[in-house]
Number of protein chains: 2
Amino acid sequence: MNEVPQISNSELKIMKVLWKKAPATANDIMDHLSKSTDWKPTTIKTLLSRLVKKEAIDFEEENRTYYYYPLVKEKEYVKAEGTSFLKRVYGGALTVMIANFLETEELSDEDIDELKTILNKKKER
Amino acid sequence: MNEVPQISNSELKIMKVLWKKAPATANDIMDHLSKSTDWKPTTIKTLLSRLVKKEAIDFEEENRTYYYYPLVKEKEYVKAEGTSFLKRVYGGALTVMIANFLETEELSDEDIDELKTILNKKKER
DNA sequence: ATATATAGATTACACGTGTAGTTGAAAAAA
DNA sequence: TTTTTTCAACTACACGTGTAATCTATATAT
């Protein structure tokens with residue numbers, strides 16, 4: 001479990017596609033992202049190259065085409081980002097952070113029940 | 001309630017000092033931060049200037065010295081960052097995010113009780 | 001066999017950021 | 001009054017990022 005490299009916002013969009021479906025070619029990714037961005041194909045190539053360099057992804061070649069797949073797992077990334085956010089904004093105070101989200105955001109009754117269930121399970125153990 | 005400007009990591013350290021105690025001079029800030037960073041005074045000046053430009057802070061002059069104070073409130077910043085993090089990493093799924101934090105981080109029994117209390121209050125309303 | 005399309009590699013370029021050094025003007029000290 | 005200190009302003013400079021355009025080599029179509 002190596003360090004999770006820094007992944008920029010644009011790069012993250014690529015990662016998300018690969019986490020959903022890999023291996024994928026640059027064109028596959030282009031298709032996925034054409035709805036939400038208007039990136040040119042070269043932009044995607046650039047981002048892919050940078051991600052390879054950072055060892056966030058890797059690829060295998062077949063007939064002059066690269067099939068990319070993630071090296072960094074989504075779980076790892078999410079964990080790392082969460083920890084970093086927690087530290088940067090809340091100085092690491094998890095409870096404060098969660099309390100803050102609970103208080104300032106909208107939650108349905110179902111959401112609330114779900115979270116309570118998790119809390120209960122957590123306590124038992 | 002204007003938009004919260006982009007505040008970088010280094011700038012955030014300055015903001016945190018000002019949120020704790022304002023108005024403050026560059027030297028005051030230097031003192032506060034000398035324990036946790038080894039920034040040169042000019043670095044702090046630069047960051048202060050950038051924050052003024054972004055209208056995250058402002059200042060009043062007295063005897064050729066600037067007394068800085070925040071324009072962006074901590075609450076506003078924290079809210080904005082939280083929302084942005086939530087969207088970027090979790091696609092906006094608050095419950096998923098909280099559930100994830102609850103599951104992967106350590107929580108004391110007291111923490112758990114506190115959070116449950118918040119949830120209960122939330123539901124009543 | 002030659003022209004064209006295609007994939008990846010290389011180059012580009014502006015803007016934000018981290019981190020200062022230098023300059024200029026005013027205040028304080030000598 | 002001349003020197004020194006002290007602010008803030010201006011300049012610097014490398015690196016990451018967002019976003020491509022161009023180049024090069026191969027594959028494909030004619």
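Protein chains get the first letters and strands the later ones, always in sequence-line order, with residue 1 at the start of each.
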Quick note, salt bridge (Lys or Arg N to Asp or Glu O under 4.0 Å) partners involving residues 17-42 of chain B, not counting sequence neighbours, are none
- Query: Using 30° and 60° as the class limits, which term best fits the ring planes of A:Phe85 and A:Phe101: parallel, tilted or perpendicular?
  - Reply: tilted
Rounded to whole Å, OH of A:Tyr68 lies from C1' of C:dA9 at a distance of 10 Å
Rounded to whole Å, CE of B:Met30 lies from P of D:dC7 at a distance of 12 Å
Residues at least two apart in sequence or cross-chain that pass salt bridge (charged side-chain N to carboxylate O under 4.0 Å, His left out) with B:Asp58, listed by chain then number, are none
B:Lys53 NZ to D:dT11 P, in whole Å, measures 12 Å
In whole angstroms, the gap separating C1' of D:dA27 from OH of A:Tyr66 amounts to 15 Å
In short, A:Trp39 meets A:Ser10 closest at the heavy-atom pair CH2-O, 3.4 Å
B:Phe59 vs B:Tyr66 aromatic rings, parallel, tilted or perpendicular, using cut-offs 30° and 60°? parallel
To the nearest angstrom, the NZ-C1' distance between B:Lys45 and D:dA12 comes to 17 Å
Separation of D:dA8 atom P from B:Glu60 atom CD, nearest Å, is 14 Å
Rounded to whole Å, the CG-P distance (B:Leu48 to D:dC10) equals 15 Å
Counting primed atoms, P, OP1 and OP2 as sugar-phosphate and everything else as base, the B/S/- map of nucleotides 15-29 of chain C against protein heavy atoms under 4.0 Å is --SBBBBB---SS--
Q. Judged by atom type as modelled, is there a donor-acceptor pair below 3.5 Å linking the side chain of B:Asp113 to the main-chain atoms of B:Glu110?
A. no
Between CD1 of A:Ile44 and C1' of C:dA9 the distance, given in whole Å, is 17 Å
